[in-house]
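One structure below.
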Amino acid sequence: AWPAAALPAGLNRHAFRDVNQFARDTSWLRGVREWFAKDGVVLLAIALVVAWWIARRRRSPHQVAVAVWGALGALVALAIAQPISSAVDERRPFVAIPKALLLIRHSSDPGFPSDHATAAGAVACAVFLVSWQLGAITTLVALLIAFSRVYVGVHYPQDGLGGLALGAAVVARGYFVIVPLLARIAEWLSTTWLRPLISAPT
């Protein structure tokens, strides 16, 4: 494991304590934040489906490929996050700070980077590449998910920021490496009976 001194522990803990105190002071907000922390990924899935629908309506195999890569890229980013998490071996805030407010039950496995934030960053980046308007909304959702994971006490702020950055970086990189291949596959599928999945009927 990396030594604790390798991480900006002081600033990170201070920021966490500020958010944790905010959670203590806003009991009326906890239900919404808990939902975003646990189930906000549902909105990400919906955003990907809408992005695919937009690409399909535009009859753009390339943009359909981007939407598909958003889902695949999120899985790739999560796979990359696992060895990073093991290497950093960061203790969860509710373990390192015994008096921290914990609003949801969670295992005490290493917390950096946040899996939820990693997936959120990947999806937000892909959706933005299809539609900047929908991408802006999805980015807001991604930020809410990352913040909510800190709010409920299961992550430090850097876990969310690191996850968002990792997910977005993987999808952005794949846009130039993987999407061209997926686009060719989509173009081929548009000549088969699966054409309705790639291009809306005229």
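Basis for what follows: all heavy atoms, side chains included, without hydrogens, waters or symmetry-related copies. Just so we're clear, the structure is a prediction, and the values are computed from it rather than from any experiment.
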Please tabulate, one pair per line, all N/O donor-acceptor pairs under 3.5 Å involving side-chain atoms of residues 33-44, not counting sequence neighbours.
none

Is it the case that one hydrophobic cluster holds both [X] and [Y], taking links as side-chain heavy atoms less than 4.5 Å apart, direct or via other members?
| X | Y | answer |
| --- | --- | --- |
| Val49 | Phe128 | no |
| Val179 | Trp132 | no |
| Leu48 | Val170 | yes |
| Ile46 | Ile137 | no |
| Val171 | Leu78 | no |

Apply the test side chain to side chain contact (heavy atoms under 4.5 Å, CB included) to residues Phe112 and Asp89: give CA-CA distance (whole Å), side-chain angles for both, the deciding distance (0.1 Å), then the verdict.
-> CA-CA 7 Å; Phe112 179 88; Asp89 196 25; over 6 Å; no
Side chain to side chain contact (heavy atoms under 4.5 Å, CB included) evaluation trace for Arg149 with Ile104 = CA-CA 10 Å; Arg149 298 293 291 178; Ile104 63 174; 4.1 Å; yes
Checking [X] side chain against [Y] main chain: does a donor-acceptor pair fall under 3.5 Å?
| X | Y | result |
| --- | --- | --- |
| His155 | Ala146 | no |
| Thr118 | Ser114 | yes |
| Arg30 | Leu103 | no |
| Ser190 | Glu187 | yes |
| Asn12 | Gln158 | yes |
| Ser148 | Tyr151 | no |
| Trp69 | Ala74 | no |
| Arg56 | Pro196 | yes |
| Thr192 | Trp188 | no |
| Thr26 | Phe22 | yes |

Less than 4.5 Å apart, any side-chain heavy atom of [X] and any of [Y]?
| X | Y | answer |
| --- | --- | --- |
| Leu143 | Leu164 | yes |
| Phe16 | Val150 | yes |
| Val152 | Leu102 | no |

Testing the basics here: between [X] and [Y], what is the closest heavy-atom pair and its distance to 0.1 Å?
| X | Y | answer |
| --- | --- | --- |
| Gly70 | Val123 | O-CG2, 4.3 Å |
| Trp52 | Val64 | CD1-CG1, 4.0 Å |
| Ala100 | Pro93 | CB-O, 4.1 Å |
| Ala124 | Thr138 | CA-CG2, 3.7 Å |
| Ala96 | Arg13 | CB-NH2, 3.4 Å |
| Val95 | Ser108 | CG2-CB, 3.8 Å |

So Val50 and Leu134, side chain to side chain contact (heavy atoms under 4.5 Å, CB included) or not? Walk me through it.
-> CA-CA 8 Å; Val50 174; Leu134 181 60; 3.6 Å; yes
Gap between atom CG of Leu189 and atom CZ of Arg195 - 0.5 Å precision =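 With rounding to 0.5 Å, CZ (Arg195) is 11.5 Å from CG (Leu189).
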Which distance, rounded to the nearest 0.5 Å, do you find between the OG of Ser199 and the CZ of Arg58?
->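 If I round to the nearest 0.5 Å, the distance is 13.0 Å.
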Considering only NZ, NE, NH1 and NH2 on the basic side and carboxylate oxygens on the acidic side, decide whether Asp109 and Arg92 come within less than 4.0 Å.
->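 Arg92 and Asp109: salt-bridged.
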Taking Tyr156 as the fixed residue, which of Leu161, Val19, Ile97 is the one that meets the side-chain contact (heavy atoms from CB on, under 4.5 Å) rule?
->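 Of the listed residues Leu161, Val19, Ile97, the side-chain contact (heavy atoms from CB on, under 4.5 Å) partner of Tyr156 is Ile97.
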Sole candidate of Ile80, Val88, Leu166 that passes side-chain contact (heavy atoms from CB on, under 4.5 Å) when paired with Pro113 =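 So the option named by the test is Leu166.
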Under the ring pair (Phe, Tyr, Trp, His ring centres under 6.0 Å) test, residues paired with Tyr175 that sit two or more places apart =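 If we apply the ring pair (Phe, Tyr, Trp, His ring centres under 6.0 Å) test to Tyr175, skipping adjacent residues, the hits are His62.
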Assess whether side chain to side chain contact (heavy atoms under 4.5 Å, CB included) is satisfied between His14 and Arg17, documenting all intermediate values.
-> CA-CA 5 Å; His14 180 74; Arg17 286 192 175 99; 5.7 Å; no
Partners of Arg184 by side-chain hydrogen bond (donor to acceptor under 3.5 Å, both in side chains), sequence neighbours excluded?
->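 Arg184 satisfies side-chain hydrogen bond (donor to acceptor under 3.5 Å, both in side chains) with no other residue.
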